[in-house]
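Counting from 1, the numbers follow the sequence of the chain as shown.
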Amino acid sequence: MTALPHGAVPWAAGYPDVVRRGEALLAHGIGDRADLPIPLFYAYAGALAALVVSFLALGLLWADSRFRGDRAGVTLNLRLPARPLRVLTLVAAAYTVGWLLLGPEAGNAGAYLVYVLFWVGLIPASLLFGPVWRLLNPFRLLPDRPRRPLPPRLGYWPAALGLLAFTWMELVAPEPAAPPTLLAFLTLYAAAQTTGTLVYGHGWLERGDPFEVYSTLAGQLAPIGRRADGTLVLRGPFDGLDAIRPAPGLVATVCVLLGSTGYDGFSTTPAWVDALQSGPLGRAGLGTAGLLAAIAAVALLYGACLWLAGRIGGARDLAPRFAHSLVPIAIGYLIAHYFSLLVIEGQRAVILSLGLDAEVNPDLVSPPVIATVQVLAIIAGHVAGVVAAHDRSVRLLPPAKAVAGQIPLFVLMLCYTLGGLTLLLA
């Protein structure tokens with residue numbers, strides 16, 4: 001696998017001709033800092049100002065918990081045609097597999113359909129319409145007849161491992177866009193979901209399907225939500241976040257999303273590309289170590305800050321109870337990191353998959369628009385995380401210690417914000 005240009009999508013390495021043809025189009029961001037219309041200093045200043053002002057305002061004006069979680073929302077009397085939509089999704093999945101099996105090795109539309117339209121496209125779709133993969137998931141066509149109850153201690157751990165496997169394939173695998181690589185992953189994914197559903201019923205998909213969990217977490221911020229009993233409601237995003245219930249593996253799942261996105265930004269820096277080329281572990285070995293280290297760093301920082309918050313606030317086991325505050329941060333990173341990829345390479349996915357006689361328009365979004373979306377997504381995600389964490393703090397911690405107990409959380413948000421902006425803009 002040859003070295004990628006700085007800013008190029010790692011999985012494009014499977015197709016050198018694609019990289020040569022449009023390396024600028026394949027960038028997650030928009031190039032080096034010198035090309036950005038927003039200087040790094042001003043991005044830092046704006047982010048810090050937003051976080052500090054929101055933290056102080058919340059401490060002064062928000063003394064009681066206001067979010068109602070699963071109890072909130074106006075009931076929507078909608079009956080969505082789930083079965084026909086799932087059948088259409090199954091047809092689309094078969095079409096993608098057909099491309100991978102029968103399409104050309106170079107420029108195979110299957111890779112774009114999986115990595116761009118599906119993986120990246122699930123975020124905006126879920127933010128607009130709620131947990132769309134739950135609605136579209138073709139594995140829900142299987143009968144919901146569990147042979148045994150889902151072990152509570154299993155929690156979100158299968159989803160966390162599934163997301164880790166997918167991001168490893170995308171960011172580390174020697175030929176991530178090669179059809180055999182994608183077919184191997186899709187085969188293992190289908191086998192795991194089919195087996196889990198046949199044994200545990202649809203309850204497995206809620207916790208064990210990495211893409212349903214991924215879509216559901218993002219969908220908690222959508223105006224259309226789903227209560228635990230399945231009722232569709234119209235509610236605010238913070239009530240949706242507050243409805244996320246602590247469970248084993250939830251923190252790990254969000255840390256995988258945060259850490260893998262951070263590693264994706266770091267992996268295209270010249271120093272890391274050189275290390276991958278010349279390191280003794282080889283590209284895959286060093287890449288695996290780097291990906292795991294990034295996820296571990298996110299998790300350790302979160303765990304340390306929540307432990308300190310518990311010490312200050314006189315409470316224990318806070319980490320699972322504040323995992324919901326990481327969700328908007330993870331979503332902000334994902335939007336910032338993949339916005340340009342979806343807009344530009346989404347065109348190529350449609351053109352290739354439908355055989356259209358058209359060209360990709362690289363000027364569909366300008367560098368100022370991309371940079372603005374990147375910075376605003378990260379700042380908005382962290383401010384939302386601060387608000388969600390504050391509301392949970394005043395609910396769980398004694399009034400005299402609620403604000404002081406949030407200081408480690410505020411430091412956590414600052415670290416994540418500065419790190420995210422640095423990876424994007426530096």
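Taking the side chain as every heavy atom from C-beta outward, L292 and L164 approach each other to under 4.5 Å. Between S393 and F322, some side-chain heavy-atom pair lies under the 4.5 Å cut-off. At a threshold of 4.5 Å between non-hydrogen side-chain atoms, the residues F339 and L334 do not count as touching. The shortest distance between side-chain heavy atoms of L100 and N108 falls below 4.5 Å. Side-chain contact check for S325 versus L241: every heavy-atom pair is 4.5 Å or farther apart. Using a 4.5 Å heavy-atom threshold, the side chains of V52 and F410 count as touching. Using a 4.5 Å heavy-atom threshold, the side chains of I312 and P408 count as touching. The closest side-chain heavy-atom distance from C415 to L301 is below 4.5 Å.
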Name the atoms and distances for all side-chain donor-acceptor pairs under 3.5 Å in residues 182-189, with sequence neighbours left out.
from	atom 1	to	atom 2	distance (Å)
T187	OG1	L183	O	2.7
Y189	OH	D209	OD1	3.1
Y189	OH	D209	OD2	3.0

Would you tabulate the side-chain donor-acceptor contacts of residues 148-163 under 3.5 Å, counting partners in other chains and residues two or more places apart, or write 'none'?
none

Extract all donor-acceptor atom pairs below 3.5 Å that involve side chains of residues 123-133 and protein atoms in other chains or at least two apart in sequence.
from	atom 1	to	atom 2	distance (Å)
S126	OG	L122	O	2.7
S126	OG	S215	OG	2.7

Scan the side chains in residues 76-90 for donor-acceptor partners under 3.5 Å anywhere in the protein, sequence neighbours excluded, and list what turns up.
from	atom 1	to	atom 2	distance (Å)
R86	NE	L135	O	3.0
R86	NH2	R134	O	3.0
T89	OG1	L85	O	2.9
T89	OG1	L136	O	3.3

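At a cut-off of 3.5 Å, with distance as the only test, a side-chain donor of Y263 or W272 sits close to an acceptor on the other residue.
Atom CZ of R207 sits about 9.5 Å away from atom OG1 of T253, to the nearest 0.5 Å. The distance from atom CG of D70 to atom CZ of R245, rounded to the nearest 0.5 Å, is 5.5 Å. For the atom pair CD1 (I329) and OG1 (T261), the distance works out to 12.5 Å, reported to the nearest 0.5 Å. With rounding to the nearest 0.5 angstrom, the OH atom of Y95 is 5.5 Å from the OG atom of S353. If you take CG on L318 and CH2 on W307, they are separated by 12.0 Å, rounding to the nearest 0.5 Å. Separating the CD1 atom in I335 from the CD1 atom in I378 is a distance of 10.5 Å, to the nearest 0.5 Å.
Residues that satisfy the side-chain hydrogen bond (donor to acceptor under 3.5 Å, both in side chains) test with H390, not counting sequence neighbours, are Q406. Partners of A50 under the side-chain contact (heavy atoms from CB on, under 4.5 Å) rule, at least two apart in sequence or in another chain, are I379, V383. With sequence neighbours excluded, the residues that form a side-chain hydrogen bond (donor to acceptor under 3.5 Å, both in side chains) with R395 are S65, D242, D391. A search for ring pair (Phe, Tyr, Trp, His ring centres under 6.0 Å) contacts involving F67 returns W62, F238, not counting sequence neighbours. By the side-chain hydrogen bond (donor to acceptor under 3.5 Å, both in side chains) test, T417 pairs with H382, sequence neighbours left out.
Judged purely by atom type and a 3.5 angstrom limit, T195 has no side-chain atom pairing as donor or acceptor with the backbone of A192. Formation of a donor-acceptor pair under 3.5 Å by the S54 side chain with backbone atoms of L51 is found in this model. For T194 (side chain) and A191 (main-chain N/O), no donor-acceptor pair under 3.5 Å exists by modelled atom type. Between the side chain of D144 and the backbone N or O of G201, no donor-acceptor pair lies under 3.5 Å. Judged by distance alone, with hydrogens and angles left aside, the side-chain atoms of Y214 form a donor-acceptor pair with the main-chain N or O of W119 at under 3.5 Å. A distance-only check finds a donor-acceptor pair linking the side chain of Q347 to the backbone of V343 [under 3.5 Å]. Using a distance-only test at 3.5 Å, with no hydrogens or angles considered, a donor-acceptor pair links the side chain of Q220 to the main chain of G240. Side chain of Y115 to main chain of P176: a donor-acceptor pair is present (N/O by atom type, distance under 3.5 Å, no hydrogens or angles). At least one donor-acceptor pair closer than 3.5 Å links the side chain of T181 to the backbone N or O of E175.
Between L257 and A330 the shortest heavy-atom distance is CB-CB, 4.3 Å. The shortest non-hydrogen separation linking R348 to E345 is NE-OE1, 2.8 Å. The minimum heavy-atom distance linking L281 with L286 is given by the pair CB-N, 3.7 Å. Pairing each heavy atom of V256 with each of S260, the nearest pair is O-OG, 2.6 Å.
Applying the salt bridge (Lys or Arg N to Asp or Glu O under 4.0 Å) test to pairs two or more places apart or on separate chains, none has a residue in residues 409-418. The list of salt bridge (Lys or Arg N to Asp or Glu O under 4.0 Å) pairs with a residue in residues 400-418, not counting sequence neighbours, is empty. For residues 217-239, no pair satisfies salt bridge (Lys or Arg N to Asp or Glu O under 4.0 Å), with sequence neighbours left out.
Checked against a 6.0 Å centroid threshold, the rings of F139 and W204 do not count as neighbours. You'll find the ring centres of Y302 and Y416 outside the 6.0 Å limit.
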